[in-house]
> 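Sharing a structure here in structure tokens format.
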Amino acid sequence: MMATATQVAFQPRELRLLLVEDSLADAELAIAELRRGGFDVCSDVVQNKEELEAHLDRQAYDVVLADYNLPHFRGMETLDVIRAKGLTIPMILVSGALNSITAVECVKQGATDYVLKDHLSRLPLSVRRALEERSLREERTRNQKKLAEKLEELGRSNRDLEQFAYVASHDLQEPLRMVAAYTQLLAERYRGKLDENADKYIAYAVEGAVRMQALVEDLLAFSRVGRNGAVHKPTSSADAVVIALKNLTAAVQESGARVKYGELPQVNGDRTQLVQLFQNLIGNAIKFRGSASPEIEISADAAGAEWIFAVTDNGIGIAPEHRDLIFVIFQRLHTRAEYPGNGVGLPICKRIVEHHGGRIWVESEAGRGSTFRFTLPAVSADKEDGHATRT
Ligand code: ADP
């Protein structure tokens, strides 16, 4: 029969074996069986705990074979010694007789396998499996470590990018203000004094500068979410909605929007950010209205340790293929002529919700209104006295 790739991979040229065994004859038998099974065995035999510890300190072994019952040492204690040294060497119990319940118990406690002395022919297979398992375990640990390093790297590069976006948008404001101010001055002073083209060009420059200012301001607002200073404490979401609506008075009145909400809960969060969250969502519900005047409903349902909020509108809706795109910064589904905006409102909502440990998503169909849902942490019993956490 042909050997499989795994069999070949786990067949060591040399097997460094440590036997915990008081009978040299039994040790010889086990070694002979392993040699017959294809292992090039290099072994040491110890009979008690002290010798075991000394050998483990001195040498790296691939496998330990331990007799279940030694006169002064229990086979399973071998495992304690191996673990106490922080080692992961597989240990196989070898025993004259071991009832199946005890055997299962030993495996549960960490023995890799057990082999009866009158079935020693099974030993090579058992050792091969133990080595294979160990190698897989080590590979898993290596992969987990690599993944943790990658995550750390990703986190670092994200932080760098955020820092860059913040610094760039912050530092761009001043020169932009100059450009905007002086192009506006040009427009005022020289309108009608140069030729027609000049008026047009100056108007384009003014428009561009003003738009860029708005973009930079929005980018800065986005970068600011979660940059130290947010205080998470029991906060009334109803109050946040009331303030958001107050800030939106003009839009509500002009559109004739009706906003309904029942009882809304206390959540653990930052008040300023929650106001901004509701304001962006309600503002969008008004902005992206259809031909009917906006009907908006805000509600919250308890779900374990969090609340699921819903902001529902009867507006133009969102096609399913755009449900993720709209949360990406500067992504818009319409031209500025159709609906004003920079595509930063929802990304800000997402950042706010995620900084609160929640998720946000939309359920909608084009032309059938939208429901934006997001989760926020409920106030836990130990926070009810008003303890705040800074983020
Ligand atoms: P902006 O409002 O500046 O365009 P947002 O990030 O707030 O940016 O929204 C991104 C896009 O998501 C919008 O351009 C719009 O196409 C879509 N959108 C957001 N809210 C709604 C809504 N309530 N109804 C329909 N479309 C919406």
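Both counts, for ligands and for their atoms, begin at 1 and track the order of listing.
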> Relative to atom 8 (O) of ligand 1, which among Gly369, Gly343, Ala319, Gly317 owns the nearest non-hydrogen atom?
Gly343
> Who gets closest to atom 10 (C) of ligand 1 by heavy atom: His334, Gln331, Arg289?
Gln331
> Which atoms form the tightest heavy-atom contact between Ile318 and Ile326, and what is the distance?
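Result for this residue pair: CD1-CD1, 3.6 Å.
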> Please work out, at 4.0 Å between heavy atoms, whether the side chain, the backbone, both, or neither of Phe327 comes within that distance of ligand 1.
neither
> Side chain, backbone, both or neither: which part of Leu281 comes within less than 4.0 Å of ligand 1 when only heavy atoms are counted?
neither
> How far does SG of Cys349 sit from CZ of Phe222, to the nearest 0.5 angstrom?
11.0 Å
> Could you tell me which atoms of ligand 1, counted from 1 in the order shown, lie closer than 4.0 angstrom to a heavy atom of Gly341?
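Answer, ordered by atom number: 3 (O).
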> Who are the salt bridge (charged side-chain N to carboxylate O under 4.0 Å, His left out) partners of Arg159, not counting sequence neighbours?
Glu152
> Which one holds for Asn342 and ligand 1: side chain close, backbone close, both close, or neither close, with close meaning a heavy atom under 4.0 Å?
backbone
> Check each atom of ligand 1 against the heavy atoms of Lys287 and keep those under 4.0 Å away; list them by number with element.
1 (P), 2 (O), 3 (O)
> Looking only at side chains, do Asp44 and Tyr61 share a donor and an acceptor under 3.5 Å apart?
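Present: a donor and an acceptor within the cut-off.
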> Please list, in number order, the atoms of ligand 1 under 4.0 Å from a heavy atom of Val344.
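That gives atoms 6 (O), 8 (O) of ligand 1.
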> Could you check, using the six-membered ring where one of them is a Trp, whether Tyr68 and Tyr114 have ring centers closer than 6.0 angstrom?
no
> Assess the pair Phe374 and Phe278: is the distance between their ring centroids shorter than 6.0 Å?
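Centroid distance Phe374-Phe278: below 6.0 Å, so yes.
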